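This structure is a prediction, so every number in the text was calculated from the model and none was measured.
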Amino acid sequence: MGWFNRLKDGIQTATKFKKEAPDGLWHKCPKCAATHTVKELKENVFICPKCDYHIRIGSHDYFDIIFEGKYTELFSNLVSKDFLDFKDLKQYKDRLEASKKKTGLKDSMSVAHGKINKKSLVIAAMDFSFIGGSMGSVVGEKITRSINYCREHRIPFMIISKSGGARMMESAFSLMQMAKTSAKLSQLAKEGIPYFSFLTDPTTGGVTASYAMLGDINFAEPEALIGFAGPRVIKETIKRDLPEGFQRSEFLLDQGFLDFIVDRRNLRERLDDLLTIFSLSDAD
Amino acid sequence: MVFLEFEKPLEKLTEQLQKIIQISEEGDIDVSDKIQELENKIKSKKKEIYTNLNGWQKVQLSRHPERPYTLYYINQICKKFVELHGDRKFGDDKAIVGGIGTINGQSVVIMGHQKGLNTKLRQYRNFGMANPEGYRKALRLMKMAERFNYPVICLIDTPGAYPGIEAEERGQAEAIARNLMEMAQLKVPILCYIIGEGASGGALGIGLGDKVCMLEYTWYSVISPESCSSILWRSWDHKEEAAEALKLTSEHMLEFGLIDEIVKEPLGGAHNDPEKMSKVLKAHIKKEITALKQIPTDELIDKRIAKYEKMGQFDLLVEGE
């Protein structure tokens with residue numbers, strides 16, 4: 001932060017969770033470099049007031065925005081374990097501990113049940129700050145339990161994706177979460193319970209190639225990176241530069257893989273509309 | 001014959017054997033004892049080597065240039081086979097092949113990743129890396145199997161789905177995801193075999209089934225050891241370590257409950273006796289189809305989903321932790 005020193009330690013948001021959204025007093029936009037106070041940003045749901053850049057935020061920030069702070073967290077007792085005793089430069093166990101400490105979260109996905117104008121919705125949202133938002137067994141299990149919960153109570157389901165893909169440290173277990181979550185989503189589809197997939201920056205790899213692309217409705221935040229392979233891998237494979245805007249939300253909308261792009265400021269209202277429309281489907 | 005690094009002791013013995021055979025053909029000296037001795041030696045050496053393979057060596061075996069590929073097995077296993085092309089949307093992918101055929105009087109839909117047999121064909125087959133059309137062709141064939149009530153057989157052998165610009169434009173991720181969702185609900189039995197490389201979503205894209213088996217010397221993982229090394233170790237030099245850490249062998253996968261069965265390979269691997277391998281595979285398919293056909297459709301789908309629902313390793317915190 002250079003010559004800006006924090007005046008007070010721990011200027012925090014209202015809830016007990018540390019947010020991925022910036023804290024401190026000032027924040028410089030990574031896109032247009034304009035500096036705003038965090039208070040200003042927060043009032044603008046962490047969108048740069050100058051260039052509309054959507055700053056990355058965390059699961060609980062989304063719950064606050066969508067449910068106006070009133071929600072119940074579900075399945076928060078699920079935690080990852082180092083089942084394979086996986087060690088690269090670090091032991092997976094230590095990575096998990098470090099991530100927990102850094103983020104105050106237990107894993108890269110949190111689930112909340114809340115309401116938008118009296119209409120129930122269950123949201124499973126990912127945190128990129130937790131090991132790159134990677135999908136391991138806990139993510140698969142939280143989605144599975146959420147789906148079972150939604151089936152039992154007939155509540156629409158939404159996943160907010162923000163992930164680099166499968167968690168390598170869980171090897172084939174993480175791979176199988178693609179199969180597990182897709183299989184479970186097929187049950188929702190069969191039973192006529194709506195599933196919304198909301199893709200945010202970034203959504204790549206095994207997450208895109210499973211639940212993120214399987215919504216009855218797929219929508220994204222502006223300019224989010226969305227793809228199967230990451231841009232670096234593609235560049236290395238084809239050995240040339242990638243076109244401008246490639247793998248961004250606007251590109252995917254154009255290619256027919258998204259239904260619409262939504263500004264975070266309109267998210268709650270748009271979800272309200274969707275829930276209203278879908279809730280009327282049972283009427284004559 | 002191509003010998004891999006760890007097979008070098010076999011190369012010497014095989015050369016010796018060939019020399020002696022040559023001598024015996026040229027002269028009238030009786031060397032049959034010597035031949036017998038060498039053959040036994042080769043056999044016991046093979047056993048020794050092949051019972052102590054590490055993860056990386058199995059990865060190398062799965063990529064052995066003489067290893068049989070999908071079309072070889074299909075032609076060996078099916079009495080009749082008609083290859084079908086195209087996804088009816090964009091094009092025909094060459095890295096996934098498939099069609100209709102018969103196995104012991106049973107009509108089946110059979111498909112798999114196809115690698116090329118030589119340099120030119122390897123390019124033609126895109127090294128077994130499918131584009132979205134491949135996955136969509138596979139789905140089209142599966143939906144046809146469902147209409148006619150034929151079992152589906154998928155042979156898996158890919159270093160991954162192709163990471164290219166066009167693949168992204170046409171929705172690689174969507175194609176794989178769609179297959180997973182549709183395969184979960186397919187109303188006919190699905191049998192999957194990893195016959196070579198089982199790399200990540202590219203493998204899984206035709207790999208969700210009632211019974212998923214791995215040939216003995218194959219691997220299945222979320223990422224190739226090379227890519228894993230490059231990402232987690234930030235260098236390409238740790239592929240052996242990555243292969244160990246990923247626990248990607250058939251034994252590991254069975255132990256973890258992520259596959260249902262291992263299909264034994266002939267001594268020295270499938271490429272040492274492709275015909276025998278095909279026979280083993282065919283017998284296995286026949287047995288599995290007979291068993292799966294007995295299960296009522298609803299039960300089949302419920303069981304399939306329940307199997308995947310169980311996959312995962314996590315802890316449950318007790319209240320207050």
Whatever's closer than 4.5 Å to a heavy atom in chain A on B:L246 counts as both
In this structure, OG of A:S171 is separated from NZ of B:K247 (nearest 0.5 Å) by 9.0 Å
Ranked by heavy-atom pairs below 4.5 Å to chain B, first place among A:L84, A:D82, A:L252, A:D254 goes to A:L84
If only atom types and distance count, is the side chain of B:Q172 paired as donor or acceptor with the main-chain N or O of A:G227 below 3.5 Å? no
When the 4.5 angstrom heavy-atom criterion is applied to B:E255 and chain A, the contacting part is neither
Cut-off 4.5 Å, heavy atoms of chain A, and the answer for B:L208 is side chain
- Task: Side-chain contact test, heavy atoms from C-beta onward, threshold under 4.5 Å: evaluate it for A:T237 versus B:Y162 and give yes or no.
- Result: yes
Exercise for review: Please check if any side-chain donor atom of A:Q255 sits under 3.5 Å from a side-chain acceptor atom of B:E169, or the reverse.
Suggested key: no
The reported gap from CG in B:L248 to CG in A:L175 (rounded to nearest 0.5 angstrom) is 11.5 Å
Here the gap from A:L89 atom CG to B:H238 atom NE2, rounded to the nearest 0.5 Å, amounts to 7.0 Å
I'd like to check B:L204 versus A:M176 (side-chain heavy atoms, cut-off strictly below 4.5 Å). Are they in contact?
yes
- Query: Do the ring planes of B:F256 and A:F83 sit parallel (below 30°), tilted (30 to 60°) or perpendicular (above 60°)?
  - Reply: perpendicular
| message | Under a 3.5 Å distance rule, please check whether A:S137 uses its side chain to pair with a backbone N or O of B:Q313 as donor and acceptor. | response | yes
Applying a strict 4.5 Å limit to non-hydrogen atoms, the region of A:T144 in contact with chain B is side chain
Okay, A:A212 and chain B: the region with an atom under 4.5 Å from a heavy atom over there is neither
Between A:A172 and B:Y220 the two heavy atoms that sit nearest each other are CB-O, 4.2 Å
To the nearest 0.5 Å, atom CG of B:N179 lies from atom CE of A:M178 at 10.5 Å
Interatomic distance, CZ@A:F257 vs CZ@B:R170, rounded to 0.5 Å, equals 9.5 Å
Checklist line | Salt-bridge criterion met for A:K184 and B:E309 (N-O under 4.0 Å) | finding: yes
Bottom line for B:R304: the part with an atom under 4.5 Å from chain A's heavy atoms is neither
Cut-off 4.5 Å, heavy atoms of chain B, and the answer for A:I238 is side chain
The side-chain contact (heavy atoms from CB on, under 4.5 Å) partner of A:S186 among B:E182, B:M181, B:M183 is B:M181
Applying a strict 4.5 Å limit to non-hydrogen atoms, the region of B:A161 in contact with chain A is both
